[in-house]
**Student:** 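Pasting a structure here, questions to come.
Residue numbering restarts at 1 for every chain, and letters A, B, ... go by the order of the sequence lines.
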There are 2 protein chains.
Amino acid sequence: MPDDIDRIIQKSYEACASAGVKLTDKRKNVLMVLLGSSTPLSAYEIVERYKTQFSETLPVMSIYRMLDFLIQEKLVHKLETASQYMSCAHIACEHQHETPQFLICDRCGSVKEIAIKKHIMTELERSIQSTGFTLAHQQLELHGVCKHCQDDSVSAN
Amino acid sequence: MPDDIDRIIQKSYEACASAGVKLTDKRKNVLMVLLGSSTPLSAYEIVERYKTQFSETLPVMSIYRMLDFLIQEKLVHKLETASQYMSCAHIACEHQHETPQFLICDRCGSVKEIAIKKHIMTELERSIQSTGFTLAHQQLELHGVCKHCQDDSVSAN
DNA sequence: TATTATTGCGTTATGTTATATCATATCTTA
DNA sequence: TAAGATATGATATAACATAACGCAATAATA
């Protein structure tokens, strides 16, 4: 896992470099916090973890700014329905990013980022455009219960 | 328009009656506030409008409770991505409610509630289920720019 | 109709998420 | 190294939301 993280960080540096922006130490650390979490985190939770992991207390304001940066560079997603932030699952992938679709487990809070099939998205878009509406950032957030939690509740019976 | 509202309120009473719950005066008034607004409102905005329309100041806490009730009875939707509330566009319709899909204009704040095509939703669901995930409340919120605002920005050029 | 239970709502306090504003520090580059 | 740009810190406050407790109105039932 740490190997993975190193590789993702490496890729992140490259992405920022080619966009002409800088992945500062603190921005990188915020990204590391998110990479190290199995669930998305709120800005305030990031403050907590940052303190634990890096022995430094950052003001929330700074965290929000760094999140803005990371979101801009598509290294982090914001889950609007949960007010939480998570690292993009595809930083180290070679392929282009597609429409992100998030499956949010309302029981354990875990989130799975899956790519929505192109043709479904195309149809969706078409049905939207017929109303004269133009989509901005396409992102779907769907709430439910993940496989793991379903299994748990079965075995609990 | 007032006729429409009367009819919707009437329908709402019936829906609550058959669900065995009560649409109190205040709950009804909150619904009226939402019905009278062309855009979704935050809980705090509802407090303001309630004061104006009904000359009575309700605590936010109460508004939240009434909203919870109205949402439960499917008379009101919460837009998670905007933290705002709006009356369901289909209270007075006869047909069953389908997956609500909201097109939220990031420029003027207006929201259009459209029904997503059944087969698109089915496909979406299938691709989700293949991951073991079970959907809870299906609701899509899509952000963009509405036709009206697009036209405005064209004529502004 | 008196008794009790339930429901609806008010009140107060506090938690959570987010942004505005101005100050300071650090990095670039001429 | 000075000038300007970028990044971060500090403080305050706004906006959204819930917890906990209690009272009052209504409903259920003896």
**Student:** Tell me whether the OP1 or OP2 atom of D:dC16 has a side-chain N or O from B:Ser42 closer than 4.0 Å.
**Tutor:** yes
**Student:** Could you tell me whether A:Arg27 and A:Glu73 have a side-chain N and a carboxylate O separated by less than 4.0 Å?
**Tutor:** no
**Student:** I'd like to check B:Val145 versus A:Leu135 (side-chain heavy atoms, cut-off strictly below 4.5 Å). Are they in contact?
**Tutor:** no
**Student:** What is the distance from CZ of A:Arg65 to P of D:dA5, rounded to the nearest Å?
**Tutor:** 18 Å
**Student:** Could you check which of C:dA18, D:dT8, D:dC16 has an atom nearest any side-chain atom of A:Tyr64?
**Tutor:** C:dA18
**Student:** To the nearest angstrom, how far is B:Asp25 atom CG from D:dA25 atom C1'?
**Tutor:** 13 Å
**Student:** Taking all heavy atoms of A:Ala82 and all of A:Glu141, pick out the closest pair and write down the distance.
**Tutor:** N-OE1, 4.4 Å
**Student:** Within this structure, what is the NZ-to-P distance between B:Lys22 and D:dT26, rounded to whole angstrom?
**Tutor:** 8 Å
**Student:** Name the nucleic acid region contacted by B:Arg27, choosing base, sugar-phosphate or nothing; use a 4.0 angstrom heavy-atom cut-off, strictly under.
**Tutor:** sugar-phosphate
**Student:** Take the protein atom CG of A:Asn29 and the nucleotide atom C1' of D:dA7, then report the distance between them rounded to whole Å.
**Tutor:** 14 Å
**Student:** Taking for each residue the nucleotide of DNA chain D with the nearest heavy atom, is it B:Ala43 or A:Val21 whose nucleotide lies nearer the 5' end?
**Tutor:** A:Val21
**Student:** How many Å lie between CE on A:Met61 and C1' on C:dA25, as a whole number?
**Tutor:** 17 Å
**Student:** Taking 4.0 Å as the cut-off, does a side-chain nitrogen or oxygen of A:Lys28 come that near to OP1 or OP2 on D:dA7?
**Tutor:** no
**Student:** Phosphate oxygens OP1/OP2 of D:dA17: is one of them under 4.0 Å from a side-chain N or O of B:Tyr85?
**Tutor:** yes
**Student:** For A:Lys112, look at atom NZ and say whether over 12 heavy atoms of other residues, nucleotides or ligands are found less than 6.0 Å away.
**Tutor:** no
**Student:** How many whole angstroms separate atom CD of B:Glu48 from atom C1' of D:dA15?
**Tutor:** 13 Å
**Student:** Using a cut-off of less than 4.0 Å, is there contact between a side-chain N or O of A:Ser62 and OP1 or OP2 of D:dG9?
**Tutor:** yes
**Student:** Think B:Ser83 has a side-chain N or O under 4.0 angstrom from the OP1 or OP2 of D:dA15?
**Tutor:** no
**Student:** In whole Å, I'd like the distance from the CG atom of B:Leu67 to the P atom of D:dT18.
**Tutor:** 11 Å
**Student:** Expressed as a whole number of angstroms, how long is the span from B:Leu23:CG to D:dT26:P?
**Tutor:** 15 Å
**Student:** Within the 4.5 Å heavy-atom criterion, are A:Leu75 and A:Leu34 side-chain neighbours or not?
**Tutor:** no
**Student:** Find which nucleotide of DNA chain D each of B:Asp68 and A:Thr24 is nearest to by heavy atoms, and output the residue with the more 5' nucleotide.
**Tutor:** A:Thr24
**Student:** Determine whether any donor atom in the side chain of B:Tyr44 lies under 3.5 Å from an acceptor atom in the base of D:dA14, or the reverse, and answer yes or no.
**Tutor:** no
